[in-house]
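These notes are about the structure you will find just below.
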Amino acid sequence: MELMKTSIKAILDNIVCAEEFLDEDAINEFEDIIMNSKNVFVTGAGRSGLAAKAFAMRLMHLGISSYVVGETISPAIYDDDCIIAISGSGETNTIVSAARIAKNRGSKVLAVTSYPESTLGQLADGHLLVKGRTKKEVDDQNYMKRQIYGNYTSLTPLGTAFELTTLVFLDAIVSELMEKMHQTESDLKSRHTVLDVILTLKYYSIFIIVNIKSLTS
């Protein structure tokens, strides 16, 4: 339990520390490109991909046309669109490749990374700097040395710090977009899916019917 509490504190501390590296001009540019794009594509690998999907959902709630790269319904990207590419190292092959293709088609590229000087950062028209330990910085040979000096980075293994900080920062971007676009929580709620409720009720009804039949047979 104590280790869990310490881990939570380490994650929260990273988010607070990462906040100090945010640049207002860079954030404004990031948001302006999103608002001025016809379609917004998002991409990320692994857990960064989950953060990307969560952000795409909120963009949809804002009324912004958003797509997740790799999904079957994603259309072609054009010069009036943008792609948000998430990679802590800025060197993830699939993410850099997607960003490069988008760039070659005239699209704006927005990078969410810990390394603006990376390949992804160099391709980007705008970026969101997210400071956090990434998989690039994992070095198990120094594990004991880190423990001796009290640097318990193992409490946020691999890219945990970057991924969770990214999720929080992108949600904060949503708050700013709400204000700039004059959107209320009611506006977002009106675009929230209702089909999943119907499906849940359908499957729940089937479950009840099956169980009644088993009891009466």
Side-chain angles (χ1 to χ4, degrees), residues 10-11 13-34 36-37 39-56 59 66-70 74 77 79 81-142 146 151 153-174 176:
I11 292 168
D13 286 346
N14 183 85
I15 294 171
V16 172
C17 290
E19 182 187 357
E20 298 176 7
F21 293 91
L22 291 176
D23 179 82
E24 186 173 355
D25 291 337
I27 297 298
N28 286 330
E29 182 180 31
F30 192 93
E31 294 167 351
D32 287 344
I33 290 175
I34 290 175
N36 292 324
S37 295
N39 298 298
V40 177
F41 293 76
V42 301
T43 185
R47 284 161 53 104
S48 292
L50 297 178
K53 287 183 177 181
F55 188 53
L59 291 179
S66 59
Y67 297 95
V68 177
V69 174
S74 291
I77 191 168
D79 57 6
D81 300 328
C82 80
I83 183 171
I84 299 173
I86 304 175
S87 170
S89 66
E91 302 294 344
T92 309
N93 287 333
T94 54
I95 308 308
V96 171
S97 294
R100 184 173 284 116
I101 290 171
K103 188 77 171 181
N104 290 338
R105 290 179 63 85
S107 307
K108 295 288 187 181
V109 175
L110 295 175
V112 180
T113 183
S114 294
Y115 297 93
E117 72 280 4
S118 64
T119 303
L120 177 60
Q122 295 301 312
L123 286 169
D125 298 285
H127 72 274
L128 175 62
L129 177 60
V130 179
K131 283 291 185 179
R133 180 173 179 259
T134 68
K135 290 187 286 293
K136 178 180 178 180
E137 298 167 35
V138 175
D139 183 2
D140 289 335
Q141 293 180 347
N142 291 326
R146 292 200 308 267
N151 183 12
T153 52
S154 58
L155 294 174
T156 55
L158 302 177
T160 295
F162 170 78
E163 294 146 3
L164 292 180
T165 305
T166 294
L167 184 64
V168 171
F169 278 17
L170 290 178
D171 267 349
I173 290 286
V174 170
E176 290 222 333

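- With sequence neighbours excluded, the residues satisfying side chain to side chain donor-acceptor pair (under 3.5 Å) with D81 are N39.
- The shortest side-chain heavy-atom distance between F30 and V112 falls under the 4.5 Å cut-off.
- The shortest distance between side-chain heavy atoms of E176 and I173 does not fall below 4.5 Å.
- Looking only at side-chain heavy atoms (C-beta outward), T113 and I86 stay at 4.5 Å or farther from each other.
- Closest approach of I95 and A85 over heavy atoms only: CG2-CB, 3.6 Å.
- Remark: T92 engages S87 in a side chain to side chain donor-acceptor pair (under 3.5 Å) (not counting sequence neighbours).
- Closest of all the heavy-atom pairs between V40 and I34 is CG2-O, 3.9 Å.
- Listed by chain and number, the residues in a side-chain contact (heavy atoms from CB on, under 4.5 Å) with I101 are R105 (sequence neighbours excluded).
- Proximity of T160 to R47: side-chain heavy atoms (C-beta onward) are separated by under 4.5 Å at one or more points.
- In terms of heavy-atom proximity, G126 sits nearest to E29 at CA-OE1, 4.1 Å.
- Listed by chain and residue number, A51, A54 satisfy the side-chain contact (heavy atoms from CB on, under 4.5 Å) test with L167 (two or more places apart in sequence, or in another chain).
- The closest side-chain heavy-atom distance from L110 to I83 is not below 4.5 Å.
- For the salt bridge (charged side-chain N to carboxylate O under 4.0 Å, His left out) test, residues two or more places apart in sequence or in another chain that qualify with D125 are K103.
- Residues passing the side chain to side chain donor-acceptor pair (under 3.5 Å) test with T119 are E91, sequence neighbours excluded.
- Pairing each heavy atom of A52 with each of V42, the nearest pair is O-CG2, 3.5 Å.
- Side-chain contact between V109 and I84 is absent, with no heavy-atom pair separated by less than 4.5 Å.
- Considering only residues two or more places apart in sequence or on other chains, D23 meets the salt bridge (charged side-chain N to carboxylate O under 4.0 Å, His left out) condition with none of them.
- Between the T165 side chain and the V130 main chain, no donor and acceptor come within less than 3.5 Å of each other.
- Every residue two or more places apart in sequence or in another chain that forms a ring-ring contact (aromatic ring centres under 6.0 Å, His included) with F41 is listed here: Y67.
- When all heavy atoms of A111 and A124 are compared, the closest pair comes out as CB-CB, 3.7 Å.
- With sequence neighbours left out, D171 forms a side chain to side chain donor-acceptor pair (under 3.5 Å) with no residue at all.
- Remark: side-chain polar atoms of N14 are not paired, donor with acceptor, to backbone N or O of A10 under 3.5 angstrom.
- Contact record, F162 with S48: CE2-OG, 3.7 Å, taken as the closest heavy-atom pair.
- The side-chain contact (heavy atoms from CB on, under 4.5 Å) test applied to V168 returns I15, not counting sequence neighbours.
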